[in-house]
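Counting starts at 1 for both ligands and their atoms, in listed order.
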Amino acid sequence: MAFILTEKRDSTGIITLNHAEKRNALSETLIEEITAALEGFRALDIRAVVLRAQPGIKVWSAGHDVNELPVRGRDPLGWNDPLRILIRSLQEFPAPVIGLIEGSVWGGACEAAMACDILIATPEATFAITPAKLGVPYNLGGLMTLINMIPLPIVKEMLFTAQPLPAEQALNLGIINYIKPNDEIESFVLDMAQRISGNSPLSISSMKDSLRLLSSAHAVTPDLFEKIQGMRRIVYDSEDYQEGIRAFREKRMPKFPGK
Ligand code: LCV
């Protein structure tokens with residue numbers, strides 16, 4: 001069964017998340033379909049991509065498929081894990097990716113949305129970054145994506161409270177580019193994609209990649225990297241992590257032992 005729909009409209013490629021029964025959770029299968037669609041778009045001279053969910057959806061994506069998180073003793077957000085592959089494929093795609101956001105966005109799906117180049121949301125859209133709800137230690141690259149997009153006090157509030165940020169606040173903070181009503185957002189996004197497609201794809205792809213490289217250019221020494229990885233390992237080896245996954249599976253609130 002296809003967990004996404006794809007469409008080509010002139011020089012715009014549209015990817016629609018289409019696994020509503022699992023709230024478009026970012027499973028390995030769904031992510032493989034997205035990355036394959038992006039590869040296919042490269043061959044079709046696509047000059048702008050729209051990443052969306054089904055029109056009128058209540059949950060844009062519930063984030064990482066929790067059932068695919070490793071049970072114990074392995075970094076849940078390692079370089080080769082599907083979510084990291086998805087983030088890189090969006091950031092490295094040569095043409096701009098416009099995120100069309102309707103509904104609530106959770107966990108790693110927030111980072112996937114923020115890995116898009118331009119974000120346009122409906123007024124009801126919300127963004128909740130939730131590793132603290134699961135006892136997950138977010139990874140270095142993911143934190144970089146967030147602090148490149150969101151002022152640090154807001155990143156801390158979102159990570160520590162795991163509460164949804166409303167679209168209006170996201171707009172005021174410059175996290176999203178526009179808020180558009182449900183009945184206007186699709187045409188607004190497609191018009192923007194059309195305008196982008198009329199410009200030089202070579203100029204745009206070199207500027208997109210340069211901005212990615214410049215924004216990720218941070219001096220992380222081996223000591224600093226190993227210190228952060230050591231802190232993260234304590235968390236993903238912890239009882240907190242076990243309890244977060246278990247509580248999700250048992251559909252109950254977690255009771256974190258803090259060890
Ligand atoms: C697998 C799911 C999921 C799901 N995975 O519908 O950012 S990090 O570090 O935390 C990272 C590791 C990450 O992204 O973790 C995931 C973070 N996501 C969340 O915390 C959101 C978890 N989901 C929810 O809170 C609710 O599902 C929302 C509020 C999104 C929607 O609630 P609603 O009542 O509409 P259900 O909860 O009933 O979910 C419908 C089906 O989708 C599955 C869920 O298990 C259920 O499946 P069953 O019908 O088989 O029981 N589902 C939802 N989210 N992230 N599966």
S.K.: Is it the case that the side chain of Lys180 and the backbone of Asn182 share a donor-acceptor pair, with hydrogens and angles ignored and the cut-off at 3.5 Å?
M.R.: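 No.
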S.K.: Backbone N or O of Pro123 within a donor-acceptor pair of the Glu168 side chain at under 3.5 Å?
M.R.: no
S.K.: Closer than 4.0 Å to some heavy atom of Asp65 - which atoms of ligand 1 meet that?
M.R.: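 Close to Asp65: 1 (C), 5 (N).
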S.K.: Show the atoms of ligand 1 that are less than 4.0 angstrom away from any heavy atom in Gly63.
M.R.: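 Ligand 1 atoms under the 4.0 Å threshold to Gly63: 14 (O).
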S.K.: Please step through side-chain contact (heavy atoms from CB on, under 4.5 Å) for the pair Leu38 and Ile46, ending with a clear verdict.
M.R.: CA-CA 9 Å; Leu38 288 171; Ile46 289 293; over 6 Å; no
S.K.: Look at Arg84 together with Glu111 and state whether they make a salt bridge at an N to O cut-off of under 4.0 Å.
M.R.: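 Yes, this pair counts.
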S.K.: Decide if atom CZ of Arg233 counts as having more than 12 heavy atoms of other residues, nucleotides or ligands within a radius under 6.0 Å.
M.R.: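 Not more than 12 within 6.0 Å, no.
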S.K.: Please work out which of the three classes, parallel, tilted or perpendicular, describes the rings of Phe3 and His19, given edges at 30° and 60°.
M.R.: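 Aromatic pair His19/Phe3 classed parallel.
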S.K.: Which ligand 1 atoms does His64 reach within 4.0 Å, using its non-hydrogen atoms?
M.R.: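 Reading through ligand 1 atom by atom, the close ones are 4 (C), 5 (N), 11 (C), 12 (C), 13 (C), 14 (O), 15 (O), 16 (C), 55 (N).
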S.K.: Who's the nearest protein heavy-atom neighbour of atom 24 (C) of ligand 1, and how far?
M.R.: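 Going by distance alone, atom 24 (C) of ligand 1 is nearest to Phe248 CE1, 5.0 Å.
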S.K.: So does Ala95 get a backbone contact from the side chain of Lys208, meaning a donor-acceptor N/O pair under 3.5 Å?
M.R.: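 Yes.
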S.K.: Within the protein, is there a heavy atom lying under 4.0 Å from atom 34 (O) of ligand 1?
M.R.: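 False for atom 34 (O) of ligand 1.
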S.K.: Between Ile196 and Phe41, is there shared hydrophobic-cluster membership here, with clusters defined by ILVMFWY side-chain heavy atoms closer than 4.5 Å?
M.R.: no
S.K.: Starting from atom 54 (N) of ligand 1, which protein heavy atom do you reach first, and at what distance in Å?
M.R.: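 Here the closest protein heavy atom is Ala62 CB, 3.2 Å.
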S.K.: Per the side-chain contact (heavy atoms from CB on, under 4.5 Å) rule, which among Ile150, Ile175, Ile176 passes with Phe127?
M.R.: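 That would be Ile176; it is the only one of Ile150, Ile175, Ile176 passing the side-chain contact (heavy atoms from CB on, under 4.5 Å) with Phe127.
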S.K.: Is any N or O atom of Ala25, backbone or side chain, closer than 3.5 Å to an N or O atom of ligand 1?
M.R.: no
S.K.: Short N/O distance, under 3.5 Å, between Val59 and ligand 1?
M.R.: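 No, since none of the N or O atoms of Val59 sits under 3.5 Å from an N or O of ligand 1.
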S.K.: Atom 20 (O) of ligand 1: which protein heavy atom is closest, and how many Å away?
M.R.: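 Ranked first by proximity to atom 20 (O) of ligand 1 is Thr130 OG1, 3.7 Å.
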S.K.: What atoms of ligand 1 come closer than 4.0 angstrom to any heavy atom of Tyr138?
M.R.: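 Selected atoms, number and element: 7 (O), 9 (O).
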S.K.: Counting non-hydrogen protein atoms only, what is the nearest one to atom 30 (C) of ligand 1? Give residue, atom name and distance.
M.R.: Trp106 NE1, 3.6 Å
S.K.: Within the supplied structure, the quantity of interest is the number of heavy atoms (other residues, nucleotides, ligands) at a distance under 6.0 Å from Lys58 NZ; does it exceed 12?
M.R.: no
S.K.: Run the numbers for me: atoms of ligand 1, each under 4.0 Å from some heavy atom of Val136, listed by number.
M.R.: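 Within the 4.0 Å cut-off of Val136, ligand 1 contributes 9 (O).
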S.K.: How far is atom 15 (O) of ligand 1 from its nearest protein heavy atom, and which residue and atom is that?
M.R.: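 Result: Leu134 CD1, 3.3 Å.
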S.K.: Identify the protein heavy atom lying closest to atom 5 (N) of ligand 1, giving its residue, its atom name and the separation to 0.1 Å.
M.R.: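 Atom 5 (N) of ligand 1 sits closest to the protein heavy atom Val66 N, 2.9 Å.
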S.K.: Return the residue, atom name and 0.1 Å-rounded distance of the protein heavy atom closest to atom 25 (O) of ligand 1.
M.R.: Lys133 NZ, 4.3 Å
S.K.: Give a yes/no verdict on whether any heavy atom in Glu21 is under 4.0 Å from an atom of ligand 1.
M.R.: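 So Glu21 counts as touching ligand 1.
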S.K.: Verify the distance criterion only: is there a donor paired with an acceptor across the side chains of Arg88 and Gln91 at less than 3.5 Å?
M.R.: no
S.K.: With heavy-atom distances below 4.0 Å as the criterion, list the atoms of ligand 1 near Gly108.
M.R.: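 Those atoms are 7 (O), 13 (C), 14 (O).
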S.K.: Going by distance only, is there an N or O of Arg23 that falls short of 3.5 Å from an N or O of ligand 1?
M.R.: yes
S.K.: Would you say Glu243's side chain and Pro254's backbone share a donor-acceptor pair under 3.5 angstrom?
M.R.: no
S.K.: Under 3.5 Å, N or O to N or O, is Lys22 touching ligand 1 that way?
M.R.: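 N/O-N/O distance below 3.5 Å exists for this pair.
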S.K.: May I have the list of side-chain donor-acceptor pairs in residues 60-68 shorter than 3.5 Å, sequence neighbours left out?
M.R.:
unit_1, atom_1, unit_2, atom_2, d
Trp60, NE1, Leu100, O, 2.9
Ser61, OG, Asn24, O, 2.7
Ser61, OG, Gly63, N, 3.1
Asp65, OD1, Asn67, N, 2.9
Glu68, OE1, Glu28, N, 2.8
Glu68, OE2, Glu28, N, 3.4

S.K.: Within a distance of under 4.0 Å, is there any protein heavy atom near atom 28 (C) of ligand 1?
M.R.: no
S.K.: Going by a strict under-4.0 Å cutoff (protein heavy atoms only), does atom 11 (C) of ligand 1 have a neighbour on the protein?
M.R.: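 Looking at atom 11 (C) of ligand 1, one finds that a protein heavy atom does lie closer than 4.0 Å.
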S.K.: Taking N or O atoms only and a 3.5 Å limit, does Leu69 qualify as a polar contact for ligand 1?
M.R.: no
S.K.: Does the protein put a heavy atom under 4.0 Å from atom 37 (O) of ligand 1?
M.R.: no
S.K.: Can you name the closest pair of heavy atoms from Asp117 and Pro96 and give their distance?
M.R.: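 For Asp117 and Pro96, the tightest heavy-atom pair comes out as OD2-CA, 3.4 Å.
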S.K.: What residue and atom, counting heavy atoms only, is the protein's closest point to atom 44 (C) of ligand 1, and at what distance?
M.R.: Lys251 NZ, 4.1 Å
